[in-house]
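Notes follow the structure.
Every heavy atom of this structure was used, including side-chain atoms; hydrogens, water molecules and symmetry mates were not.
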Amino acid sequence: MAHDMYLTYEEYIGLGGTVDAAAWPPLECACRKRIDRLTDSRVQNMAEIPRAVKLCVFALAQMESVVGAVAQVTSPTVTSFNTDGYTENHGNVPDADAAAKQMNAIAADMLYGELDDYGVPLLYRGVR
């Protein structure tokens with residue numbers, strides 16, 4: 001059974017999400033594809049999406065919407081501003097590669113120990 005979404009927009013809003021409805025489908029898709037890549041698409045074959053996966057999509061979406069590759073192209077964050085002797089900095093925003101590594105680490109932490117419907121760990125990469 002393939003799932004169209006791992007986290008619906010209503011579930012996302014219920015968890016405290018702030019992205020508008022029009023931006024949600026591509027954002028959720030990017031997060032779902034990241035999870036599929038890390039889990040060899042095991043979640044796609046599950047009868048029900050585990051809560052840990054839903055929370056993982058939420059966490060990834062929060063980060064992706066701010067520092068993901070698309071966000072950095074469409075609305076880059078100003079980290080330094082200088083005009084006529086006045087300078088202002090606004091923290092440290094990771095580049096797209098660093099952000100991707102951070103998102104993979106978040107997903108690995110959140111999905112660690114989660115099993116698919118056959119008892120195989122979602123993050124399992126070896127041979128049984």
Audit row: I35, L60, side-chain contact (heavy atoms from CB on, under 4.5 Å) steps and yes/no: CA-CA 9 Å; I35 290 170; L60 293 175; 4.0 Å; yes

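Atom CG of L38 and atom NZ of K33 lie 13.0 Å apart (nearest 0.5 Å). Rounding to the nearest 0.5 Å gives a distance of 4.5 Å between CG of D117 and CE of M46.
The two residues W24 and A61 make their nearest non-hydrogen contact at CZ3-CB, 3.7 Å. Considering every non-hydrogen atom in both T8 and E11, the closest pair reads N-OE1, 2.8 Å.
Y12 is linked by a side chain to side chain donor-acceptor pair (under 3.5 Å) to Q62, counting only residues two or more places apart in sequence or in another chain.
At a threshold of 4.5 Å between non-hydrogen side-chain atoms, the residues R34 and E64 count as touching. Residues D40 and R125 form a side-chain contact, since some pair of their non-hydrogen atoms from C-beta on lies under 4.5 Å apart. Side-chain contact between V57 and I49 is absent, with no heavy-atom pair separated by less than 4.5 Å. In this structure, L15 and L55 have side chains that are in contact, with non-hydrogen atoms separated by less than 4.5 Å.
A donor-acceptor pair is defined here as one N or O able to donate and one able to accept, closer than 3.5 Å; no such pair exists between the side chain of Y6 and the backbone of R32.
The 12-atom threshold is not exceeded at CG of D4, counting heavy atoms of other residues, nucleotides or ligands nearer than 6.0 Å.
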Check: residues 105-116 side-chain donor-acceptor pairs under 3.5 Å, at least two apart:
| from | atom 1 | to | atom 2 | distance (Å) |
| --- | --- | --- | --- | --- |
| D116 | OD1 | Y118 | N | 2.8 |
| D116 | OD1 | G119 | N | 3.1 |
| D116 | OD1 | V120 | N | 2.9 |

